[in-house]
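Residue numbers begin at 1 in each chain, while the letters A, B, ... track the order of the sequences. Note that the structure is predicted; figures quoted are calculated from it, not measured.
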Amino acid sequence: MEKRDYFEEVYEVVRQVPPGRVTTYGAIAQFLSLRAGARMVGWAMNGCHARPDVPAQRVVNRVGVLSGKHFFGTPTRMQELLEVEGVRVNDDRVVEFQKLLWDPSIELTI
DNA sequence: AGAGTGACTGGCT
DNA sequence: GAGCCAGCCACTC
């Protein structure tokens, strides 16, 4: 193992996502110059088990679907976590997802 | 070394 | 909006 180089970068970005907002794998990948590695972002999130401080529920796919909800303890865990933060979820999709979208390459300045 | 898989995306239908 | 296909990189067997 020990290959969590860009993993840490992904975690750092996700960690900076403000509550009540969501981001996409593609946005993170593009921000980290890993555009072709959007899937890798998801794979990186696979290691979120060792990073409880990473709000993976705020990371959804490009259409706002909670594609990773299955990886949470329960199928509704991710949705509830988002709703608690004020993010409305309908049929596993984030309501007004585009409005709640938080793009690191635009809103975040490093 | 080769093939399969995956928390994705873009384009087209 | 929803579905299908192809491209991409990393990891596992």
* To do: Using Watson-Crick or G-U wobble geometry with both distances below 3.5 Å, tell me the partner of B:dA3, or none.
  => C:dT12
* To do: Measure the distance from CZ on A:Arg62 to P on C:dA2 and round it to the nearest whole Å.
  => 11 Å
* Would you kindly give the CZ-to-P distance between A:Phe97 and B:dC8, to the nearest whole Å? => 13 Å
* Asked: Can you check whether A:Arg93 has a side-chain N or O nearer than 4.0 Å to OP1 or OP2 of C:dA2?
  -> yes
* Taking all heavy atoms of A:Phe72 and all of A:Arg77, pick out the closest pair and write down the distance. => CB-CB, 3.8 Å
* OP1, OP2 of B:dC8 versus side-chain N and O of A:Thr24: anything below 4.0 Å? -> no
* Nearest whole angstrom, please: distance from the P of C:dG1 to the CG of A:Asp91. => 12 Å
* Distance, rounded to the nearest Å, where A:Gln30 contributes CD and B:dG10 contributes C1' -> 13 Å
* Asked: Tell me: CD of A:Gln98 to C1' of C:dG1, nearest whole Å?
  -> 13 Å
* Among C:dC8, C:dA10, B:dA7, the one nearest A:Arg39 by side-chain distance -> C:dC8
* **Matching residue for A:Val14 among A:Ile28, A:Asp53, A:Val41 - test: side-chain contact (heavy atoms from CB on, under 4.5 Å)** => A:Ile28
* Structure fact -> Picking from B:dA7, B:dG6, B:dC8, the nucleotide nearest the side-chain atoms of A:Met40 would be B:dG6
* To do: Ignoring the backbone of A:Trp43, work out which of B:dC8, C:dC11, B:dG10 is nearest its side chain.
  => C:dC11
* Give the minimum heavy-atom separation between A:Met45 and A:Ala56, together with the two atoms involved. => CE-CB, 3.5 Å
* When all nucleic acid strands are considered with a 4.0 Å heavy-atom cut-off, which category describes A:Ala56: base, sugar-phosphate, or nothing? -> base
* To do: Quickly work out the A:Asn61 CG to C:dA2 C1' distance and round it to whole Å.
  => 13 Å
* Counting only heavy atoms not in A:Arg21, do more than 12 sit closer than 6.0 Å to its CZ atom? -> yes
* When the distance from OH of A:Tyr25 to P of C:dA10 is rounded to whole Å, what number comes out? -> 18 Å
* Mind running side-chain contact (heavy atoms from CB on, under 4.5 Å) on A:Val60 and A:Met78 for me, showing each step along the way? => CA-CA 10 Å; A:Val60 296; A:Met78 187 174 184; 4.2 Å; yes
* Interatomic distance, A:Ile28 CD1 vs C:dC9 C1' [rounded to whole Å] -> 16 Å
